[in-house]
Amino acid sequence: QVQLAESGGGSVQAGGSLRLSCVVSGYSTHCMAWFRQTPGKEREGVASVDSDGTTTYADSVKGRFTASKDNTKNTLYLQMNSLQPEDTAKYYCAAATWCPVDLRLNPFHDWGQGTQVTVSS
């Protein structure tokens with residue numbers, strides 16, 4: 001079973017940046033992704049990276065967020081720039097055997113505990 005551990009969350013002002021990290025252990029997985037969730041709302045996909053480095057982004061973060069993997073460190077990253085208050089959420093990394101083009105929840109079977117990101121105006 002894969003284990004995922006996120007870090008890097010925090011509080012920033014609008015327009016600021018944060019970089020999230022997710023260390024992966026257990027086994028290699030084809031697809032890694034970032035999701036986020038706010039209280040009372042469904043968890044939504046933010047970005048995914050597959051085994052050949054292909055990335056997919058939610059429309060709401062395109063041009064601002066960049067997902068990447070460092071296979072030598074078994075680490076997934078999410079560079080978040082131009083953060084806005086609506087980006088405030090708990091961010092989770094997740095693993096799946098394949099990457100859905102629409103960032104839906106279904107194929108993701110392993111999850112981290114999440115890291116909180118708070119953006120103030």
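Everything numeric here is computed off the predicted structure, so don't read it as measured data.
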Kindly indicate whether the side chain of [X], heavy atoms from C-beta on, has any atom under 4.5 Å from the side chain of [Y].
X: W98; Y: C31; answer: no
X: T54; Y: V49; answer: no
X: L4; Y: V23; answer: no

Restricting to side-chain hydrogen bond (donor to acceptor under 3.5 Å, both in side chains), what partner residues turn up for [X], sequence neighbours left out?
X: S68; answer: none
X: H30; answer: S51
X: T97; answer: none
X: S121; answer: none

_Please list all pairs meeting disulfide bond (SG atoms under 2.5 Å apart) that have one or both residues in residues 33-85, counting only residues at least two apart or in different chains._
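Listed by first then second residue: nothing to list.
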Partners meeting side-chain contact (heavy atoms from CB on, under 4.5 Å) with [X] (sequence neighbours left out):
X: A5; value: none
X: K90; value: Y92, Q116
X: D70; value: T72, K73, Y77
X: T66; value: Y57, Q79

*State which residues pass salt bridge (charged side-chain N to carboxylate O under 4.0 Å, His left out) with R19; sequence neighbours excluded, sorted by chain then number.*
none
*Over all heavy atoms of both residues, which pair between D87 and S82 is shortest? Give the atoms and the distance, please.*
OD2-O, 4.3 Å
*Where V46 and V61 come nearest, the two heavy atoms and their spacing*: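 So the two residues come closest at O-CG2, 3.6 Å.
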_My understanding is that only residues two or more places apart in sequence, or in another chain, count here; which of them pass ring pair (Phe, Tyr, Trp, His ring centres under 6.0 Å) with F108?_
F35
_With rounding to the nearest 0.5 angstrom, report the CG to CZ distance, L103 to R43._
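Separation between the atoms: 14.0 Å.
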*Flag, side chain of Q37 to backbone of E42, donor-acceptor distance under 3.5 Å*: no
Donor-acceptor pairs under 3.5 Å, side chain of residues 7-14 to any protein atom, not counting sequence neighbours: which ones?
none

